[in-house]
Amino acid sequence: MPNRIKEEIGRLKKERGAIILAHSYQPGAIQDIADFVGDSLELSRIAARESAELVIFCGVKFMAETAKLLSPESTVVLAAPDADCSLAASMTSADLREMKKKHPGAEAVTYVNSTLELKAESWACCTSANSLEVVEAAPSEEVIFGPDRNLGTWVASQTDKKLHIWPGGCHAHSGADIRDLREKMADWSDAEVLVHPESPSIFLREADAVLGTGGMIRHVESSKAGRFIIGTEEGMIYRLETLFPDRQFVAAGKIICDDMGFSTPELVLKALESGVVDRGIEIPSHLAERAVEAVRRMTKIGG
Ligand code: 13P
């Protein structure tokens, strides 16, 4: 990245009282300029805690919306305005209302990778870091879980509660090819296999640990292993290599979210230049009140 862009970003950040938040899947150049890099839960908690004047979010739409819900006084700008999430699109609020009719009495726990409309109909949101704890905390023995089928199936295998799971999925994780993982395991037989719970269950069966991205970092920190096969979006490899230069990491396969790759330093600069004026995330007031309750619950439980 040209020094001029980096310097200009630093200058405008100060001038605007801005912070840059980046998910661990973001391209390396973005991770390098971010004030905070983290998983979905960590970034939500940081947005709520910092209440910066301007938050430049480097990630996808639902993450910036969640930051805005938790920090309504901040102007929150998604650096790459077109970055969205196929998983969030895979379940509508009408789908949830149908499920509620079929399962009266079951509370809805909704993965934060979801639309505002879906959040507004939910008892609580969760991330991969606290999904099991949120389901356990729900005040009903039966729980409606969506939109991610793989995460829901994994949670169901860890709890005595009965889950009614929506069959949605992340195109990047769901499309992973088990042959790629097996090949890596044959090449790196000494490595630990860490897999994100959005992955297909056949991946989870091969894993030494099933973890969200923050959990992967904590696992590597405390592990004695020198090599790791990582079953999640490939941006995570840069994050791990930066944090642990003395360990080795390889992707379990081609798990690539194009939308996560849309952010560039140039777009961050543009957002800083224009953010206060015209690009802030707006939450319709009829959704804000109910959706904020669901995401606040999420930030208070476990993880
Ligand atoms: P984390 O909960 O680890 O941030 O995962 C986010 C995500 O979107 C996975 O695809």
Side-chain angles (χ1 to χ4, degrees), residues 9 13 17-81 83-85 87-88 110-116 119 124-131 133-134 148 151 170 172 196-198 211-218 232-233 235-236 238-240 242-243 257 259-263 267-268 271-272 275 280-281 283 291-292 294-303:
I9 288 173
K13 245 181 20 176
I19 56 170
I20 301 173
L21 304 186
H23 191 269
S24 294
Y25 292 161
Q26 285 287 292
I30 295 293
Q31 296 192 28
D32 289 347
I33 56 168
D35 295 295
F36 300 95
V37 184
D39 69 14
S40 305
L41 187 59
E42 288 161 349
L43 294 176
S44 300
R45 286 174 171 159
I46 289 166
R49 184 190 74 205
E50 296 290 314
S51 352
E53 209 164 297
L54 174 63
V55 176
I56 306 296
F57 210 110
C58 300
V60 293
K61 188 173 163 203
F62 76 83
M63 295 178 175
E65 287 174 345
T66 305
K68 178 67 181 172
L69 283 169
L70 290 164
S71 185
E73 304 301 323
S74 306
T75 298
V76 179
V77 175
L78 184 59
D84 213 336
C85 172
L87 173 54
T110 294
Y111 195 28
V112 73
N113 304 36
S114 53
T115 61
L116 286 167
K119 287 180 173 74
C125 289
C126 69
T127 76
S128 66
N130 66 357
S131 49
E133 288 148 303
V134 177
D148 193 76
L151 177 61
C170 157
H196 195 283
E198 279 180 33
L211 298 160
T213 53
M216 287 181 184
I217 291 170
R218 289 186 289 279
T232 195
E233 213 281 335
M236 190 60 194
Y238 183 86
R239 176 85 175 126
L240 289 163
T242 306
L243 290 172
C257 170
D259 292 62
M260 277 286 176
F262 288 171
S263 315
L267 282 173
V268 171
L272 278 164
I281 298 271
I283 311 271
V292 78
V295 293
R296 277 213 193 110
R297 268 200 186 111
M298 169 187 89
T299 60
K300 288 183 184 142
I301 302 172

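Not measured: the values here are computed from a predicted model.
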Exercise. Is a side-chain N or O of Ser74 found less than 3.5 angstrom from the main chain of Val76, in a donor-acceptor match?
Worked result: no

Exercise. Which heavy atom in Cys257 sits nearest to a heavy atom in Ala172, and how many Å separate them?
Worked result: N-CB, 4.1 Å

Exercise. Under 4.5 Å between any side-chain heavy atoms of His23 and Ser40, yes or no?
Worked result: yes

For this session: Taking Thr66 for its side chain and Phe62 for its backbone only, find out whether a donor-acceptor pair lies under 3.5 Å.
Result: yes

For this session: Might you work through the side-chain contact (heavy atoms from CB on, under 4.5 Å) test for Leu43 and Phe57, ending with a clear yes or no?
Result: CA-CA 9 Å; Leu43 294 176; Phe57 210 110; 3.8 Å; yes

Problem set entry | Arg218/Glu42 ion pair, N-O < 4.0 Å | yes

Exercise. Quick one: does Lys119's side chain have a donor or acceptor within less than 3.5 Å of a partner on Val112's backbone?
Worked result: yes

For this session: Work out which heavy atom in Cys125 is nearest to a heavy atom in Met298; give both atom names and the distance.
Result: O-CB, 3.1 Å

Exercise. Where the side chain of Arg239 meets the backbone of Gly38, is there a donor-acceptor pair that is under 3.5 Å apart?
Worked result: no

Exercise. Can any side-chain N or O of Glu233 pair as donor or acceptor with the backbone N or O of Gly235 at less than 3.5 Å?
Worked result: yes

Seminar exercise, completed: The reported gap from CG in Asp32 to CD1 in Ile20 (rounded to nearest 0.5 angstrom) is 11.5 Å

For this session: Go through Val55 and Val77 one step at a time and tell me if the side-chain contact (heavy atoms from CB on, under 4.5 Å) criterion holds.
Result: CA-CA 6 Å; Val55 176; Val77 175; over 6 Å; no

Seminar exercise, completed: For Leu41 and Gly303 the tightest heavy-atom approach is CD2-CA, 3.7 Å

Exercise. Are the side chain of Glu73 and the backbone N or O of Glu53 linked by a donor-acceptor pair below 3.5 Å?
Worked result: no

For this session: Kindly give the heavy-atom pair with the smallest separation between Ala22 and Ile30, and that separation in Å.
Result: CB-CG2, 3.9 Å

Exercise. How many angstroms lie between atom CD1 of Ile283 and atom CG of Leu116, to the nearest 0.5 angstrom?
Worked result: 4.5 Å

Exercise. What heavy-atom pair brings Ser131 and Leu151 nearest, and what distance separates the two atoms?
Worked result: OG-CD1, 3.7 Å

Problem set entry | Side chain Asn130, main chain Gly302, donor-acceptor under 3.5 Å | no

Exercise. Is there a donor-acceptor pair under 3.5 Å between the side chain of Ser71 and the backbone N or O of Ala67?
Worked result: no

Problem set entry | Whether Gln31 side chain and Ser24 backbone form a donor-acceptor pair below 3.5 Å | yes

Exercise. When rounded to the nearest 0.5 angstrom, what is the spacing between OG1 in Thr213 and NE2 in His196?
Worked result: 5.5 Å

For this session: Would you tell me whether Ser263 and Gln26 have side-chain atoms, one donor and one acceptor, within less than 3.5 Å of each other?
Result: yes

Seminar exercise, completed: So CG of Asn113 and OG1 of Thr127: to nearest 0.5 Å the spacing works out to 8.5 Å

Seminar exercise, completed: Between the CD1 atom in Ile56 and the CG atom in Asp35, the distance rounded to the nearest 0.5 Å is 10.5 Å

Problem set entry | Residues Tyr111 and Glu198: side-chain donor-acceptor under 3.5 angstrom | yes

For this session: Please confirm whether the backbone N or O of Thr299 pairs with a side-chain atom of Arg45, one donor and one acceptor, at under 3.5 Å?
Result: yes

Exercise. Side chains of Asp259 and Tyr25: is there a donor and an acceptor less than 3.5 Å apart?
Worked result: no

For this session: Carefully, step by step, assess Met63 and Met260 under the rule side-chain contact (heavy atoms from CB on, under 4.5 Å).
Result: CA-CA 11 Å; Met63 295 178 175; Met260 277 286 176; 3.5 Å; yes

Exercise. Is the CZ atom of Arg296 crowded by more than 12 outside heavy atoms at less than 6.0 Å?
Worked result: no

Exercise. So how far is it from Ser114 OG to Leu87 CG, rounded to the nearest 0.5 Å?
Worked result: 8.0 Å

For this session: Starting from the C-alpha separation in whole Å, work towards a yes-or-no answer on side-chain contact (heavy atoms from CB on, under 4.5 Å) for Cys85 and Lys61.
Result: CA-CA 7 Å; Cys85 172; Lys61 188 173 163 203; over 6 Å; no

Seminar exercise, completed: Between Leu267 and Ala79 the two heavy atoms that sit nearest each other are CB-O, 3.6 Å

